[in-house]
There are 2 protein chains.
Amino acid sequence: MEFSSKLIESAVNEFSKLPGIGKKTALRLVLHLLKQEEIFTTDIAQSLTEMRQNIKYCKKCHNISDEEVCNICKSHKRDNSIICLVEDTRDVLAIENTSQYNGLYHVLGGIISPIEGIGTEDLTIDSLMERVSTPDSEVKEIIFGLSPTMEGDTTAFYISKKVKQLGIKTSTIARGIPIGGELEYADEITLGRSIVSRTTYE
Amino acid sequence: MEFSSKLIESAVNEFSKLPGIGKKTALRLVLHLLKQEEIFTTDIAQSLTEMRQNIKYCKKCHNISDEEVCNICKSHKRDNSIICLVEDTRDVLAIENTSQYNGLYHVLGGIISPIEGIGTEDLTIDSLMERVSTPDSEVKEIIFGLSPTMEGDTTAFYISKKVKQLGIKTSTIARGIPIGGELEYADEITLGRSIVSRTTYE
């Protein structure tokens with residue numbers, strides 16, 4: 001694409017560096033910015049820059065936070081005996097939105113993936129081990145809230161072996177047919193798994 | 001969605017003001033920015049702000065430009081006797097990319113749409129009339145490069161009535177079956193139109 005303006009070209013190029021935004025979408029966004037007041041664009045720019053420059057990560061759970069320790073880790077209402085292990089901040093948000101979990105989190109920052117060159121040392125596993133092995137740790141259970149992929153399972157397996165030595169119970173979120181999902185459209189592996197790990201009526 | 005950080009919340013809100021970007025996509029973009037170096041974000045922010053603050057519109061054709069008069073209007077290689085009338089800058093880019101047109105453009109800045117409250121006075125129609133009625137105007141034909149919608153046709157009809165009084169020829173880009181398109185999947189109106197305005201072999 002050839003642009004009549006270097007300014008547009010540079011803005012389009014910058015926008016299209018973002019994931020899922022191609023040149024055409026970038027141009028649509030740039031032209032939208034031009035149609036709005038100048039303050040609209042400066043607000044976006046300022047907000048992004050401030051966010052990037054001032055963001056902190058909770059030193060306990062590595063979740064994104066505005067302070068040294070995040071609101072969840074600080075809260076007195078949360079159950080300190082359970083930690084849910086997740087890949088990134090998005091998963092924390094997703095689980096928090098269910099209102100079904102009242103424990104703490106630990107954000108790994110990724111999952112073990114030899115293909116992408118992510119090893120155990122790139123994740124916050126050491127920090128987790130430290131967290132659960134301090135004398136005043138109340139942690140009794142670690143829930144693996146990881147994606148049901150090869151990489152997710154490998155990560156869970158690696159960590160569960162480590163924490164079991166400390167006498168901590170491990171579990172994983174249930175895999176099965178999604179609620180509202182139709183049985184006939186479920187893939188074979190999910191369906192098979194849902195039979196093997198069926199829930200007994202009490 | 002509840003965020004653990006006000007900075008993230010504000011960045012997500014700003015991003016999701018853009019068209020086609022919802023809260024979930026905005027969050028994905030924000031988390032992507034966090035994974036990159038800080039310079040990545042500041043580059044985007046700076047580029048957008050500079051673009052918005054310094055962009056000009058060509059005083060002849062109203063296309064986006066870095067200078068008072070755009071490269072197309074300034075060029076000696078373009079045919080000054082034809083003007084292609086388009087809705088916005090994106091259309092200029094699209095037509096330029098075909099390399100099939102060597103005339104000038106006039107960007108209307110929209111099309112007449114009573115529903116959206118866009119009237120003739122909101123468009124650059126007066127400027128077009130001025131442009132074609134000056135004594136040194138060489139314009140002999142105006143091509144309507146507008147979308148084949150009710151609004152596009154209304155706009156074309158309104159303007160063609162005005163410029164015909166000046167003895168200027170008007171035409172519209174061809175409507176028909178897209179090249180590579182299959183006849184059986186074409187809608188009835190397009191197919192009907194393509195028969196009525198068929199091209200005679202010479």
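All chains are named by letter (A, B, ...) in the order of the sequence lines, taking the proteins before the strands, and each is independently numbered beginning at 1.
Contact tally against chain B (heavy-atom pairs below 4.5 Å) for A/Leu34, A/Ile64, A/Ile21, A/Val30: the top residue is A/Leu34. Among the candidates B/Asp88, B/Asn54, B/Leu33, the residue making the largest number of heavy-atom pairs closer than 4.5 Å to chain A is B/Leu33. Contact tally against chain A (heavy-atom pairs below 4.5 Å) for B/Asn63, B/Thr25, B/Leu18, B/Val12: the top residue is B/Leu18. Residue with the most contacts toward chain A among B/Lys35, B/Gln53, B/Met51, B/Arg52: B/Arg52 (heavy-atom pairs, distance under 4.5 Å).
When heavy atoms are compared at a cutoff of 4.5 Å, B/Gln36 approaches chain A solely by way of its backbone atoms N, CA, C and O. Using a 4.5 Å cut-off between heavy atoms, A/Ile55 contacts chain B through both its backbone and its side chain. Proximity to chain B is absent for every atom of A/Lys56, based on heavy atoms less than 4.5 angstrom apart. For A/Asn71, the part lying near chain B is the side chain, with the backbone staying farther off; criterion is any non-hydrogen pair under 4.5 Å. No part of A/Glu67 comes within reach of chain B, as not one of its non-hydrogen atoms sits under 4.5 angstrom from that chain.
For B/Thr42 and A/Thr49, the side-chain atoms include no donor-acceptor pair closer than 3.5 Å. In this structure, a donor-acceptor pair under 3.5 Å is present between the side chains of A/Ser171 and A/Glu141.
The backbone N or O of B/Cys61 sits nowhere less than 3.5 Å from a side-chain atom of B/Thr124 that would complete a donor-acceptor pair. Within the 3.5 Å criterion, the main-chain N or O of B/Val139 finds a donor-acceptor partner in the side chain of B/Ser137.
Across A/Ser133 and A/Leu166, no two heavy atoms sit closer than the pair CB-CD1, 4.1 Å.
Ring centroids of B/His106 and B/Phe144 are separated by 6.0 Å or more, keeping the two rings apart.
Here the CD1-CD1 distance, from A/Ile83 to A/Ile142, works out to 5.5 Å after rounding to the nearest 0.5 Å.
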